[in-house]
Q: 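The structure follows.
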Amino acid sequence: MDPVIFAREQLDFEPDPWQVEVLLSPANRLLLNCSRQAGKSTTTAIVALHTAHFRPGSLVLLVSPSLRQSSELFKKVTGFLDALDDRPRLTEDNKLSFALENGSRVVSLPGTEATIRGFSAPDLVIEDEAARVPDALYYSIRPMLAVSGGRLILMSTPFGKRGHFFEAWTEGGDDWQRIKIPAPRCPRITPEFLEQERRAIGDWWFEQEYMCEFRQATDSVFRYDDVMGAVSEDVPLLFAPPVTRTAAGLDDDVFPLFDEATE
Ligand SMILES: Nc1ncnc2c1ncn2[C@@H]1O[C@H](COP(=O)(O)OP(=O)(O)OP(=O)(O)O)[C@@H](O)[C@H]1O
Ligand SMILES: [Mg+2]
């Protein structure tokens with residue numbers, strides 16, 4: 001079923017135009033750089049439920065910096081599940097996960113690498129507050145997707161010019177579809193509120209929390225732009241790059257594992 005019709009008719013949810021774009025996106029790699037309170041968790045909760053409901057046997061993982069945040073997203077998914085007229089019977093139902101009769105599962109996970117390694121071949125991984133999710137966790141998610149051909153959605157407000165969300169947004173190339181929604185594009189956030197916020201929290205926070213702009217981390221010794229400006233392709237490396245080995249069955253390009261000794 002069309003996810004927009006699913007949202008409107010079965011969940012009684014009227015998506016904003018950008019939320020329609022997210023719901024209809026065919027992208028296997030999707031970046032949502034959106035203002036606080038724009039509605040990103042709500043939208044991806046619908047994507048999660050739609051996947052579980054209409055793709056039997058699918059595994060959907062919800063990841064975030066902490067279990068508390070993942071379970072907030074999970075609650076949005078179960079909230080929509082409860083709204084369904086013909087709510088499917090659950091074969092597993094607890095605070096952190098549920099399974100549908102069709103064999104699909106939705107699981108919320110803490111932001112630790114060890115936990116995610118216990119799952120295999122997810123159809124969809126949604127990373128909430130991605131700018132604050134440890135890179136090690138992100139790098140352990142990616143190979144699972146290589147095997148399953150699963151979908152990856154990263155959503156966040158910016159948090160410094162650092163980390164995998166920033167890198168995917170700025171250097172991830174055509175592999176990613178990018179959707180940027182600053183607060184003025186959200187119909188539920190008023191210009192008056194935004195003016196008040198800018199005064200209260202200052203430019204550095206305001207630009208990131210509401211305007212989707214990556215700002216230099218305040219604790220960096222050097223500015224990101226200065227470091228990047230000093231990098232030159234013409235200068236030979238002082239040391240050889242680390243030796244890489246590959247995870248079984250994967251390309252070097254997809255998932256290089258740094259040799260622990262040289263890391
Ligand atoms: N299309 C919509 N129509 C009405 N309300 C909406 C819509 N989209 C989102 N909301 C409401 O806006 C609020 C914020 O939504 P949500 O939590 O999804 O935003 P968010 O971008 O994840 O915010 P945060 O950055 O704080 O995590 C919620 O109360 C949600 O119900
Ligand atoms: Mg959210």
Side-chain angles (χ1 to χ4, degrees), residues 2-25 30-51 60-84 96 106-111 124-134 137-138 152-160 163-166 169 177-194 196-198 200-201 204-215:
D2 180 312
V4 175
I5 297 174
F6 176 64
R8 286 192 181 126
E9 294 185 0
Q10 301 215 20
L11 307 176
D12 201 19
F13 178 81
E14 182 54 45
D16 299 340
W18 73 270
Q19 291 172 322
V20 168
E21 195 184 342
V22 172
L23 292 172
L24 295 180
S25 166
L30 181 59
L31 293 171
L32 306 179
N33 177 3
C34 306
S35 160
R36 290 296 311 279
Q37 291 292 292
K40 49 194 175 310
S41 299
T42 307
T43 316
T44 54
I46 296 174
V47 175
L49 180 61
H50 184 272
T51 304
V60 177
L61 301 180
L62 312 177
V63 184
S64 75
S66 70
L67 188 55
R68 188 190 56 75
Q69 285 162 308
S70 302
S71 55
E72 285 302 314
L73 181 58
F74 181 73
K75 270 189 232 157
K76 288 190 198 289
V77 183
T78 53
F80 283 128
L81 177 70
D82 292 339
L84 289 176
L96 302 178
V106 178
V107 183
S108 56
L109 294 169
L124 170 64
V125 177
I126 299 175
E127 217 184 81
D128 202 356
E129 310 289 353
R132 289 170 165 83
V133 167
L137 174 58
Y138 174 70
L152 177 61
I153 301 178
L154 308 185
M155 57 173 158
S156 198
T157 51
F159 186 54
H164 61 274
F165 182 67
F166 170 67
W169 185 263
Q177 180 185 0
R178 295 170 179 75
I179 295 179
K180 177 176 173 178
I181 306 297
R185 283 189 59 193
C186 175
R188 289 166 297 282
I189 302 179
T190 65
E192 296 74 33
F193 173 81
L194 289 177
Q196 207 177 37
E197 283 293 281
R198 190 190 277 281
I201 66 177
W204 192 87
W205 281 108
F206 185 82
E207 296 293 330
Q208 297 200 99
E209 296 283 274
Y210 294 106
M211 302 309 287
C212 316
E213 298 296 336
F214 292 87
R215 285 300 183 95

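Both ligands and their constituent atoms are indexed starting at 1 by order of listing. In this chain, numbering begins with 1 at the start of the sequence shown.
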Q: Got the closest protein heavy atom to atom 29 (O) of ligand 1, with its distance?
A: Gln37 OE1, 4.8 Å
Q: Set out, in order, the CA-CA distance, both residues' side-chain angles and the distance that settles side-chain hydrogen bond (donor to acceptor under 3.5 Å, both in side chains) for Tyr138 and Glu127, then state yes or no.
A: CA-CA 9 Å; Tyr138 174 70; Glu127 217 184 81; over 6 Å; no
Q: Do the charged groups of Glu209 and Arg215 touch, with an N to O distance under 4.0 Å?
A: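 A salt bridge is absent here (no side-chain N lies under 4.0 Å from a carboxylate O).
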Q: Of Leu73, Thr51, Val63, Leu61, which is the lone residue that meets side-chain contact (heavy atoms from CB on, under 4.5 Å) with Ile126?
A: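 Filter result, single survivor: Leu73.
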Q: Specify the protein heavy atom at minimum distance from atom 12 (O) of ligand 1: its residue, its atom name, and the distance to 0.1 Å.
A: Arg188 NE, 3.8 Å
Q: For atom 16 (P) of ligand 1, what is the nearest protein heavy atom, given as residue, atom name and distance?
A: Thr42 OG1, 3.4 Å
Q: Compare all side-chain heavy atoms of Phe6 with those of Leu23 and state whether any distance is below 4.5 angstrom.
A: no
Q: Tell me which one of Lys40, Gln69, Glu129, Glu72 gets a heavy atom nearest to atom 25 (O) of ligand 1.
A: Lys40
Q: Out of Cys186, Ser156, Ser41, whose heavy atom is nearest to atom 22 (O) of ligand 1?
A: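 It is Ser41 that holds the nearest heavy atom.
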Q: Report yes or no: does Cys34 have a heavy atom closer than 4.0 Å to ligand 1?
A: no
Q: Looking at Asp82, I'd like to know if its CG atom is crowded, meaning that more than 12 non-hydrogen atoms belonging to other residues, nucleotides or ligands lie closer than 6.0 Å.
A: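 More than 12 within 6.0 Å, yes.
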Q: Specify whether an N/O/S atom of Gln37 falls short of 2.8 Å from the Mg ion (ligand 2).
A: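 So Gln37 does not count as coordinating the Mg ion (ligand 2).
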Q: Just jot down the ligand 1 atoms closer than 4.0 angstrom to any heavy atom of Lys76, in number order.
A: 17 (O)
Q: Under 4.0 Å and counting heavy atoms only, is there anything from the protein next to atom 1 (N) of ligand 1?
A: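 Under the 4.0 Å cut-off, atom 1 (N) of ligand 1 does have protein heavy-atom neighbours.
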Q: Using a 4.0 Å cut-off to any heavy atom of Phe13, which atoms of ligand 1 qualify?
A: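 Checking each atom against Phe13, I get 1 (N), 2 (C), 7 (C), 8 (N).
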Q: Stepwise, does the salt bridge (charged side-chain N to carboxylate O under 4.0 Å, His left out) test hold for Asp16 with Arg185?
A: CA-CA 10 Å; Asp16 299 340; Arg185 283 189 59 193; over 6 Å; no
Q: Would you mind checking which non-hydrogen protein atom is closest to atom 8 (N) of ligand 1, with the distance to 0.1 Å?
A: Gln19 NE2, 3.1 Å
Q: Assess the residue pair Thr44 and Asp128 against the criterion (side-chain contact (heavy atoms from CB on, under 4.5 Å)); give the C-alpha distance rounded to whole Å, side-chain angles, the decisive distance to 0.1 Å, and a yes or no.
A: CA-CA 9 Å; Thr44 54; Asp128 202 356; 6.0 Å; no
Q: Which residue and atom name correspond to the protein heavy atom nearest atom 19 (O) of ligand 1, and how close is it?
A: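 Protein heavy atom at minimum distance: Gly39 N, 3.1 Å.
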Q: Suppose I only count heavy atoms of Asp16 and a 4.0 Å limit; which atoms of ligand 1 are within that range?
A: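 Reading through ligand 1 atom by atom, the close ones are 1 (N).
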Q: Between the side chain of Ser35 and the main-chain N/O of Ala38, is any donor-acceptor distance below 3.5 Å?
A: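 No.
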Q: Quick one, Lys180 with Glu213, criterion salt bridge (charged side-chain N to carboxylate O under 4.0 Å, His left out). Give me CA distance, side-chain angles, the key distance, then yes/no.
A: CA-CA 10 Å; Lys180 177 176 173 178; Glu213 298 296 336; 3.2 Å; yes
Q: What do you reckon, does Met155 put a non-hydrogen atom under 4.0 Å from ligand 1?
A: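 Per 4.0 Å heavy-atom rule, Met155 does not contact ligand 1.
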